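Note that the coordinates shown come from a computational prediction; the quantities given were computed from them, not determined experimentally. Chain identifiers are assigned alphabetically (A, B, ...) following the order of the sequence lines, protein sequences preceding nucleic acid strands; residue numbering begins at 1 within each chain.
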Number of protein chains: 2
Amino acid sequence: MDKRILIVDDDPELRALLRDYLGGNGFAVDLAEDGAAMRKAMAAAAPDLVILDLMLPGEDGLALCRALRAESPSLPILMLTARGEDTDRIVGLEMGADDYLPKPFNPRELLARIRSILRRAGENAVREAPARALAFAGWSLDLGARHLVGADGVVVPISNGEFKLLRAFAENPFRVLSRDQLMDVLAGREAGPFDRSVDVMVHRLRRRLDDDAREPALIKTVRSEGYMLAAEVERKS
Amino acid sequence: MDKRILIVDDDPELRALLRDYLGGNGFAVDLAEDGAAMRKAMAAAAPDLVILDLMLPGEDGLALCRALRAESPSLPILMLTARGEDTDRIVGLEMGADDYLPKPFNPRELLARIRSILRRAGENAVREAPARALAFAGWSLDLGARHLVGADGVVVPISNGEFKLLRAFAENPFRVLSRDQLMDVLAGREAGPFDRSVDVMVHRLRRRLDDDAREPALIKTVRSEGYMLAAEVERKS
DNA sequence: CGGTTTTGTTAACGGCTTGTTACGCTTTGT
DNA sequence: ACAAAGCGTAACAAGCCGTTAACAAAACCG
């Protein structure tokens, strides 16, 4: 059975091109030029994957991505971004895109990514349920109760900011998160040039985790790039 | 093994320039002045990448691009375009090329793009599992924790710059890395003509590894070319 | 409503990392 | 042999970050 792909892009030429190219490679293709058309197409035929342009007139691609994610948590999304944009934020944290591709792109690469995403989605036929706790290095972050549990089972209260920060780290282990990304998680805005609040929050989080900044076992500093959680994370549900 | 690049351009001076420049940077270069010569060259030796001028007498570059694509779907193509054209749309919509560069261009930028394209192509070919650690000569570079482990198991902290430098070396053992490449790894920018910062960082890394510059056992200097890690590297996962 | 506690932000100081410059040695070319 | 270029090293300057303290804003609570 052919997989169904919904393409959301405002450029008619690109839509036609993708329709032909993907259609010629064994996919059933639906087209939409904006958010409204997307919703209509979603209602008409549930796609197996959505290709979403980040830059859309009217509703922003990111907003649509969030809406899709809220509606269909297991629906794979591939975002198209203009070259040079800050792609980190999209792939990044809770945005929810499964992959992204900068424009202009090579159709073979698009095809490869589509197949890769669909393969992954097939493997996790049951997409990972949202975890209830993230466990790492003896600690466990309870996402429901929003507190930490130590190795000995002791509950450690944690501030809201520390929780959001730690959740972002634990959901992206071994990945360097920039100050901009962390600021986005913490306050929903970009970090100013002399903004040190992220550093202070990281300091407090480290203190909470008994992590020494000079020899950090958990939260590593990557100079001039950001911070990273260096620990295996197990998702518990 | 050197990568083979085929250059298709009708300007003899540009052909000679690229032959010298790319040849001097470790590529095997073939030249063609038009579509017929291109086909001949393709038959003689399969290149790893084609640089194609958009404006050619006789057969159009775009037509050649499509022909190449039909013939060798996985062959990377880089297009050269005249300034002022709407290159975004050409490449984005026609989507045959992997990248494009407007003329006149900076040879360094061309080189960077070539390497970027070849890197991507290589990744797609063999998606090697990312290693956890790179071990060489008694040392082990922990890629997750971003630190060094000595022969006796002692953890040696390492600065971010030293880490990135050593990772670049350990992922390319017995290969000379130019200052430009190392500068790209370290700072993501080009090295200025009198830039010695790479040398200084190599000096610091050598000190960290107990390597004497006069008789280097690990990081060899290759005069006027760059540096090289002369040790077997084992990828551990 | 007023006071208290918690949380987030800003400022300042100091240490560490990185970039820059200079000097001297070695190699290379003439 | 000389000059020029490449490189190792040290010293210095600038930038980044850890930490603390103080302050402001928000939440909490009686």
Rounded to the Å, how far apart are B/Arg207 CZ and D/dC7 P? 20 Å
Only residue of B/Asp184, B/Asp195, B/Asp199 satisfying salt bridge (Lys or Arg N to Asp or Glu O under 4.0 Å) with B/Arg179 is B/Asp199
To the nearest angstrom, the CG-P distance between B/Leu182 and D/dC7 comes to 12 Å
Protein-nucleotide distance (B/Leu205, atom CG; D/dT9, atom P), rounded to Å: 13 Å
Give the rounded distance in Å between these two atoms: CG of B/Asp180 and P of D/dG6. 13 Å
Under 4.0 Å, counting only non-hydrogen atoms across every strand here, what does B/Val202 touch: a base, just sugar-phosphate, or nothing? nothing
Short side-chain N/O contact from A/Tyr227 to OP1 or OP2 of D/dG18, under 4.0 Å: yes
Considering non-hydrogen atoms only, spot the tightest contact between A/Arg206 and A/Ala213 and give its length. NH1-CB, 3.6 Å
Under 3.5 Å: donor-acceptor pair, side chain of B/Asp211, backbone of B/Ala217: yes
Please report the shortest heavy-atom distance between A/Phe136 and A/Ala231, naming the atom on each side. CB-CB, 4.3 Å
Using a cut-off of 4.0 Å on non-hydrogen atoms, how would the nucleic acid contact of A/Ser197 be classed: base, sugar-phosphate, or nothing? base
Tell me what B/Val198 touches on the nucleic acid: a base, only sugar-phosphate, or nothing, going by heavy atoms under 4.0 Å. nothing
Taking all non-hydrogen atoms of both residues into account, name the closest pair between A/Leu68 and A/Met42 and its distance. CD2-CE, 3.8 Å
Show every side chain to side chain donor-acceptor pair (under 3.5 Å) that has at least one partner inside residues 130-140 of chain B, sequence neighbours left out. A/Glu232-B/Arg132
End-to-end axis angle, where each axis spans five pairs of the helix from C/dC1-D/dG30 to C/dT30-D/dA1, to 10°: 30°
N or O in side chain of B/His203 less than 4.0 angstrom from D/dT9 OP1/OP2: yes
Does D/dG15 have OP1 or OP2 under 4.0 Å away from a side-chain N or O of A/Arg223? no
Spacing of A/Ile219 atom CD1 relative to D/dG18 atom P, expressed in whole Å: 10 Å
Let's see if you can work this out: which of D/dT19, D/dC17, D/dC7 has an atom nearest to the side-chain heavy atoms of B/Thr221? D/dC7
Are side-chain N/O atoms of A/Ser178 and A/Asp180 paired as donor and acceptor at under 3.5 Å? no
If I take atom CZ in residue A/Phe194 and atom C1' in nucleotide D/dG15, what distance separates them, rounded to the nearest angstrom? 11 Å
With a 4.0 Å cut-off on heavy atoms, is B/Arg206 in touch with a base, just the backbone sugar-phosphate, or nothing at all? sugar-phosphate
With a 4.0 Å cutoff (strictly under), does any side-chain N or O of A/Arg179 reach OP1 or OP2 of D/dC17? yes
Is there a side-chain polar atom (N or O) of A/Arg196 under 4.0 Å from OP1 or OP2 of D/dG18? no
Keeping B/Glu162 on the side-chain end and B/Ser159 on the backbone end, is there a donor-acceptor pair under 3.5 Å? yes
A/Leu78 vs A/Val50 side-chain heavy atoms within contact, under 4.5 Å: no
Hey, are A/Glu225 and B/Lys164 close enough for a salt bridge, meaning a charged N less than 4.0 Å from a carboxylate O? yes
Among D/dA22, D/dG6, D/dA11, find the nucleotide with the atom closest to the side chain of A/Arg204. D/dA22
Shoot me the first and last contacting nucleotide of DNA chain C against chain B, ordered 5' to 3', at under 4.0 angstrom to non-hydrogen atoms. C/dT17 to C/dT28
